[in-house]
Q: 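Once you've had a glance at the structure underneath, I'll fire off some questions.
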Number of protein chains: 2
Amino acid sequence: MGITKTQIFTEQQNDLAQFFKVLGHPARVAILQYISNQNACICNDLVEEIGLAQATISQHLKELKSIGLLIGEVEGKSMCYCINVNRWVELQNQLNAFFNKTKSNCC
Amino acid sequence: MGITKTQIFTEQQNDLAQFFKVLGHPARVAILQYISNQNACICNDLVEEIGLAQATISQHLKELKSIGLLIGEVEGKSMCYCINVNRWVELQNQLNAFFNKTKSNCC
DNA sequence: TTATTATATTGCAATATTACGATATTAAAA
DNA sequence: TTTTAATATCGTAATATTGCAATATAATAA
């Protein structure tokens with residue numbers, strides 16, 4: 001069948017999982033790290049930097065945008081991507097809430 | 001082509017992504033939450049609780065074990081799964097390190 | 001206007017994931 | 001020993017993801 005049965009889970013569970021899923025690819029981790037290492041917004045040095053085709057990078061950027069982690073701004077004929085710090089902190093908090101709540105009492 | 005090009009990323013990036021990936025499914029989030037809500041180690045009430053086939057649950061448990069988050073102990077003819085608290089905290093720290101390091105200076 | 005350059009989108013092939021029925025496997029119970 | 005119950009593994013169908021070439025789009029440069 002292959003379809004994730006989202007209907008049987010809570011919205012919170014689906015959202016959390018979706019967020020983890022987007023971060024669950026090394027290219028997307030690398031993109032976030034690279035953007036954060038630049039002092040200014042970078043554009044698509046990413047293609048050269050990461051070593052994947054332009055179409056592939058564009059796709060990964062789209063997924064990062066889909067959970068609100070990246071903001072893209074048009075700058076002439078190129079795009080300036082940067083991290084959405086508010087969303088970033090929000091997700092980190094959400095994630096820590098999950099980790100802290102999910103504590104085991106057994107074994 | 002469909003293969004993730006792990007060779008072009010660092011081990012740290014691959015490990016982090018792998019960890020996120022495993023948590024990136026609502027069933028696995030739900031499993032962890034359910035286990036943590038029980039005062040004692042639970043076994044496979046999970047099948048009834050979550051609403052997926054036994055084979056599917058078993059598969060998800062295997063993935064959670066693969067990153068060290070779960071420990072399984074034989075208990076008669078059933079299995080007692082519980083969260084590996086040390087690993088849990090370790091992953092939470094790793095994750096926070098990633099979030100804290102990856103801070104944007106731009107926009 | 002016609003390049004040129006940067007990025008996004010489309011279409012597709014290769015591979016991975018999800019889910020489940022069927023079938024082991026293992027341990028207690030009868 | 002045979003049955004029963006709990007879990008794991010195998011095989012497979014449906015779907016999703018990854019990656020790229022080709023193409024579209026949009027903005028500046030010539």
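Chain naming here is simple, since letters A, B, ... match the order of the sequence lines and numbering starts at 1 in each.
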Q: What's the closest nucleotide to the side chain of B:Ser58 if the choices are C:dT9, D:dG19, D:dT9?
A: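 Taking heavy atoms from C-beta onward, the closest nucleotide is D:dT9.
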Q: How long is the line joining CD of B:Glu73 and P of C:dA27, in whole Å?
A: 15 Å
Q: Could you pull out all donor-acceptor pairs under 3.5 Å where a side-chain atom in residues 18-27 of chain A meets a protein atom, sequence neighbours excluded?
A:
residue, atom, partner, partner atom, Å
A:His25, ND1, A:Ala27, N, 3.0
A:His25, NE2, B:Thr4, OG1, 3.4

Q: Is A:Glu63 touching bases, backbone alone, or none of the nucleic acid, heavy atoms closer than 4.0 Å?
A: sugar-phosphate
Q: Could you tabulate the donor-acceptor pairs under 3.5 Å formed by side-chain atoms of residues 87-97 of chain A, not counting sequence neighbours?
A:
residue, atom, partner, partner atom, Å
A:Arg87, NE, A:Ile67, O, 2.8
A:Arg87, NH1, A:Glu90, OE2, 2.8
A:Arg87, NH2, A:Ile67, O, 3.3
A:Trp88, NE1, B:Phe99, O, 2.9
A:Trp88, NE1, B:Thr102, O, 3.1
A:Gln92, NE2, B:Asn96, OD1, 2.8
A:Gln92, NE2, B:Asn100, OD1, 3.1
A:Asn93, ND2, A:Val89, O, 3.4
A:Asn96, OD1, B:Gln92, NE2, 2.8
A:Asn96, OD1, B:Asn96, ND2, 2.8
A:Asn96, ND2, A:Gln92, O, 3.2
A:Asn96, ND2, B:Asn96, OD1, 2.8

Q: Starting from P on D:dA14, measure out to CD1 on A:Ile3 and report it in whole angstrom.
A: 11 Å
Q: Between the two end axes of the helix from C:dT1-D:dA30 to C:dA30-D:dT1, each built from 5 base pairs, what angle do you get to the nearest 10°?
A: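 Terminal axis comparison yields 10°.
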Q: Tell whether B:Gln59 reaches the base of C:dA19 with its side chain through a donor-acceptor pair below 3.5 angstrom.
A: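 Present.
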Q: Between C:dT18 and B:Thr56, is there an OP1 or OP2 to side-chain N/O distance shorter than 4.0 Å?
A: no
Q: Can you check the B:Ile57 CD1 to C:dC20 C1' distance for me, whole Å?
A: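 Interatomic distance, CD1 of B:Ile57 to C1' of C:dC20: 12 Å.
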Q: Looking at DNA chain D, which of residues 10-24 of chain B put a heavy atom within less than 4.0 Å of it?
A: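 Within this stretch, nothing sits under 4.0 Å of the strand.
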Q: Round to the nearest Å and state the distance from B:Leu61 atom CG to C:dA19 atom C1'.
A: 14 Å
Q: Starting at NE2 of A:His25 and ending at P of D:dA16, how long is that distance when rounded to a whole Å?
A: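 My rounded result for the distance is 17 Å.
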Q: Round to the nearest Å and state the distance from A:Lys5 atom NZ to D:dA13 atom P.
A: 18 Å
Q: Collect all protein-nucleotide pairs involving nucleotides 2-6 of chain D in which both atoms are nitrogen or oxygen and the distance is under 3.5 Å.
A:
residue, atom, partner, partner atom, Å
D:dA5, O4', B:Lys77, NZ, 3.3
D:dA6, O4', B:Lys77, O, 3.2

Q: To the nearest Å, how far apart are A:Glu75 CD and C:dA6 P?
A: 13 Å
Q: Taking atom types as modelled and ignoring hydrogens, do the side chains of A:Gln12 and B:Gln33 form a donor-acceptor contact shorter than 3.5 angstrom?
A: yes
Q: Listed in order of residue number, which residues of residues 47-54 of chain A have a non-hydrogen atom at under 4.0 Å from DNA chain D?
A: A:Leu52, A:Ala53
Q: Can you tell me if the side-chain N/O atoms of B:His60 get under 4.0 Å from OP1 or OP2 in C:dA19?
A: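 Answer is yes, contact under 4.0 Å.
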Q: Would you kindly give the NZ-to-C1' distance between B:Lys65 and D:dT9, to the nearest whole Å?
A: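 Spelled out: NZ on B:Lys65 to C1' on D:dT9 is 11 Å.
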Q: Reckon A:Tyr81 has a side-chain N or O less than 4.0 Å from the OP1 or OP2 of C:dA8?
A: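 For C:dA8, OP1 or OP2 has a side-chain N or O of A:Tyr81 closer than 4.0 Å.
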Q: Is the backbone N or O of A:Glu63 less than 3.5 Å from a side-chain atom of A:Ser66, with the two atoms forming a donor-acceptor pair by type?
A: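 Yes: the side chain of A:Ser66 pairs with the backbone of A:Glu63.
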